[in-house]
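Step one of this worksheet: look at the structure below.
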Amino acid sequence: MAPAVPALRRPIVSLHRTPPPLQNLRRHSFSPIPHEEPCDPPNSSATLLSRAAALLNFAAQPSHLSQIHAILLSSGLLRCFPSLSAKLFSSSADLDLIQEARHLLDEIPRPSVPLWNAAIRLHSRHGAFADALHIYDKMLHQGVVPDGLSLPPVLKACGGLPAPTVGRAVHAHILRRGFETDLFVQNGLVAMYAKCGQIPCARAIFDRLSDRNVVSWTSIISGCAQNGFPLEALQIFARMRSSSDVRPDFIALVSVLKAYMDIEDLDQGSSVHGLVIKLGLDDEPDLVITLTAIYAKCGQVRTARSLFDRVPSPAVILWNAMISGYAKNGHASEAVELFREMIARHIKPDSVTIRSAILACAQLGSLEVGKWIEDYAGHSQFKDDIFVKTSLIDMYAKCGSIAHAHRVFECIPNKDVVVWSALIMGYGLHGRGREAIRLFEEMKCARVRPNDVTFVGLLSACKHAGLVDEGWKYFHSMRHYGIEPRHQHYACVVDLLARAGRLEKAYEFVRSMPMEPEVTVWGALLNACKIYGHVGLGRYAAERIFALEPSNAGHYVQLSNIYASVGMWSDVAKVRVLMKEKGVTKAIGCSLTEIDGKLHSFRAGDKSHPRYKEIFEKLAELEMKLKKSGFVPHMGSVLHDLSMEEKEESLCNHGERIAIAFGLISTAPGTTLRIMKNLRACVNCHSATKLISKLVGREIVIRDINRFHHFKDGLCSCGDYW
DNA sequence: CACTCCATAT
């Protein structure tokens, strides 16, 4: 069978014009391969053969190689000189041309062991594990005896399979062949078992090693770190430091940092940073990437950025670490900005970059920037990437346009469970629970199996829409799918029960949980207690929360609101004192709105905007209209009795309303206003906005920290429960 | 021979 030869755009003669190989060839005058005589030589074949053999040494680009391949085929040389096939094979392997190498291997009558090894290594290195194993199998079937270099890539391929079955067979094979003393093979075994999740096996082999080099230690450490055992990884690293004089190299430290990243221990992580510097490895690109990632992931974006900035031309992965670090830690605009800088510098993003940039847009909440990124992704080579599409669905939902999210969804040919879950979650965010349920049912009809995240989406959709009975039913259907409910699921049910006013039942439900309730669960109870003014239970839930998460200001505010709703002012004051004692400060309320592709941010009584005079005129007009139609501030008495904290709350209302006023004067009548805020919607503001939507005949879409509120004709999509 | 960045979750 002839190997596939790519179509040539230019005539073959152009090869002879390609300067470097030919010039080199003339200068060095390579001798022809002596012992092989052409069987039926075409014209001047000896010259061609010598040139071809030499050219292969210089084939530095796939296009060179395929042209040489074409010459050899069309001239008949390949058929006459089998040695050229082997040479062609090695060149293809060196250039990572897997397909080409694979075809050539089949053409070679009796490949040597190094040739087999090269073929296995090539496939293994590129993740073509099944192919690598297939080639190994074929080698054995031809009676070829593998050497010590054959097995490490075979083991690597076994490690890429989900089950250790094949790996065990190869292990047995190794013992039979007597390779068990080869350190490289041993290291390969350790890594293989660790990757298949067989950590005890990996450790057993590692422990029995009489001689351990840096790769042995690295294999077991990274095996643990990469497979969900960060603590074991760190424990072994400690043993490496104390009981051996093997110096960790950059790869070992990358894995150690990854383990600290997983347990989010930045303190220890930065002490490893110290070690990195001490060992003089701080310019090692992979370590810079991992260090940047750990700082960014733990919220130290400035430190991460300073590492990033020290690198003159960062690799794509480093850009990714920085961009996703920004996106995940509330620095969405920096993430988008950095992504733009990357494009401006003509650095080609990969699919991870694009996904991180889309995530940043989702956090940013700007529909305009969101459309821009979709356009960008649509023109990239990742336009059909299901991961990219999934994040677009999430992004559009979080940017307030469920219609856009649905459009992306519709265009995905083979929707997997994550795609469905993302849209279900999106409908839930917008309070459209019925549609979320319909989607869920459609998904089941499409024979896609829901997972635990699907149920988080579905139950939170029921929660946001107040579909109590449906939520209860779906919660209990989880077990039919063999899904064990987790905290988020319990939290949704607690919320649903409490919403229906069944606080006692909700508490009973919390007590019946098979695990220790976490903040989300108590938080749901606390929220409901605020709605129903249930002081006793609210206080209890708050105490549990404070024990678990003492520095989150939102919880203190909730408790304070419960006291306020029933007029317990002295307790409100006590909460304030408690906050001061613990050094907890409330996040400053901030509302954003986007006009003509530009984001405008408004804070407490903000007068910094260039058009603030017009804005405040509009605001006064709105206040008057509200008063005229009988609007009474809901928490008037609260404001009267409280100082700092509630004042802030009231100012936050202003911030939101300033954004509305600004939107009204900046857009054509009837345009939907879109506003994002960093806190949850507050009662006073919420009822005012409902009325405003009616008074000015506008649809107002507000994204708070938890969900969307669609205000229209005096009503809100949340049904006044959030 | 060993390694880093990654979509869906209150």
Side-chain angles (χ1 to χ4, degrees), chain A residues 121 124-125 148-149 151-153 155-156 159 182-192 194-195 213-223 225-226 249-258 261 284-294 296-297 315-325 327-328 350-356 358-359 362 385-395 397 416-426 428 451-457 459-460 463-464 486-492 494-495 518-521 523-524 527 554 680 705-707:
Chain A
R121 203 162 47 235
S124 210
R125 190 159 34 123
L149 290 172
L151 289 156
L155 288 169
K156 184 184 166 74
D182 184 315
L183 186 57
F184 278 27
V185 172
Q186 292 293 351
N187 291 346
L189 279 171
V190 170
M192 183 273 289
K195 275 204 188 124
N213 64 7
V214 67
V215 178
S216 320
W217 287 102
T218 310
S219 293
I220 188 71
I221 290 170
S222 69
Q226 298 300 315
D249 66 1
F250 77 96
I251 296 175
L253 293 172
V254 161
S255 290
V256 170
L257 282 167
K258 150 102 180 139
M261 189 145 67
E284 194 59 57
D286 290 0
L287 274 173
V288 176
I289 292 166
T290 314
L291 282 166
T292 307
I294 190 175
K297 209 167 242 178
V316 176
I317 294 179
L318 182 53
W319 287 93
N320 294 352
M322 199 60 236
I323 291 171
S324 76
K328 286 184 174 168
D350 65 7
S351 71
V352 175
T353 325
I354 293 180
R355 270 138 59 187
S356 303
I358 295 171
L359 176 68
D385 185 316
I386 196 161
F387 285 77
V388 166
K389 296 224 177 198
T390 308
S391 43
L392 284 173
I393 293 174
D394 173 63
M395 181 274 289
D416 66 7
V417 63
V418 187
V419 169
W420 286 96
S421 305
L423 193 62
I424 290 172
M425 189 82 66
N451 65 16
D452 56 338
V453 180
T454 318
F455 276 100
V456 172
L459 293 174
S460 74
K463 184 186 86 174
H464 287 317
R486 290 184 295 115
H487 276 101
Q488 283 94 333
H489 305 109
Y490 282 101
C492 288
V494 170
D495 208 296
E518 279 179 10
V519 176
T520 47
V521 174
N527 187 37
R680 70 160 73 204
I705 201 163
N706 289 320
R707 59 167 295 159

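Protein chains get the first letters and strands the later ones, always in sequence-line order, with residue 1 at the start of each. This is a predicted model, so every value here is computed, not measured.
- With contacts defined as side-chain heavy-atom distances shorter than 4.5 Å, the pair A:K389/A:V419 does not qualify.
- Contacts of A:M261 with the nucleic acid, taken as non-hydrogen atoms under 4.0 Å apart, involve only primed sugar atoms and P, OP1 or OP2.
- Side-chain contact check for A:D385 versus A:R355: some heavy-atom pair is nearer than 4.5 Å.
- Distances shorter than 4.0 Å separate none of the side-chain N or O atoms of A:S255 from OP1 or OP2 on B:dC3.
- In the set B:dT8, B:dC5, B:dT10, B:dT10 carries the atom at the smallest distance from any side-chain atom of A:Q488.
- Using a 4.0 Å heavy-atom cutoff across all strands shown, A:K463 reaches sugar-phosphate atoms only and no base atom.
- A:D286 comes within 4.0 angstrom of a base, heavy atoms only.
- Atom CE of A:M425 is separated from atom P of B:dT8 by 9 Å (rounded to the nearest Å).
- Applying the salt bridge (charged side-chain N to carboxylate O under 4.0 Å, His left out) rule to A:D495 yields no partners; only residues at least two apart in sequence or on another chain are considered.
- One finds a side-chain N or O of A:K328 lying less than 4.0 angstrom from the OP1 or OP2 phosphate oxygen of B:dA7.
- Rounded to a whole Å, the CZ atom of A:R355 is 10 Å from the C1' atom of B:dC5.
- One atom, CD1 of A:I358, and another, P of B:dC5, lie 19 Å apart when rounded to the nearest Å.
- Residue contacts for A:V418: at a heavy-atom cut-off of 4.0 Å it reaches a base atom on one of the strands shown.
- Separating the CG atom of A:N213 from the P atom of B:dC3 is a distance of 14 Å, rounded to the nearest angstrom.
- Across all strands, A:N451 comes closer than 4.0 Å to no nucleic acid atom at all (heavy-atom distances).
- Rounded to whole Å, atom P of B:dC1 lies 12 Å from atom NZ of A:K195.
- Here the C1' atom of nucleotide B:dT10 and the CZ atom of A:R707 are 13 Å apart, to the nearest Å.
- Among the atoms of the strands shown, only primed sugar atoms or phosphate atoms (P, OP1, OP2) are found under 4.0 Å from some heavy atom of A:R121.
- Between the C1' atom of B:dC1 and the CD1 atom of A:I251 lies a distance of 10 Å, rounded to the nearest Å.
- If you check every strand for non-hydrogen atoms under 4.0 Å, A:T520 touches a base.
- Using a 4.0 Å heavy-atom distance criterion, A:L359 is classed as a sugar-phosphate-only contact.
- Nearest nucleotide to the side chain of A:F184, out of B:dC6, B:dC1, B:dC3: B:dC1.
- Considering only heavy atoms from C-beta on, A:I251 stays 4.5 Å or farther from A:V214 through its side chain.
- Per the geometry, CG belonging to A:D452 stands 14 Å off P belonging to B:dT8, to the nearest Å.
- Partners of A:K297 according to the salt bridge (charged side-chain N to carboxylate O under 4.0 Å, His left out) rule, which considers only residues two or more places apart in sequence or in another chain, do not exist here.
- Here B:dC6 is the nucleotide among B:dC6, B:dA9, B:dA2 with the atom lying nearest to any side-chain atom of A:S356.
- Under 4.0 angstrom from either OP1 or OP2 of B:dA2 there lies no side-chain N or O belonging to A:K258.
- By the 4.5 Å heavy-atom criterion applied to side chains, A:V521 and A:E518 are not counted as neighbours.
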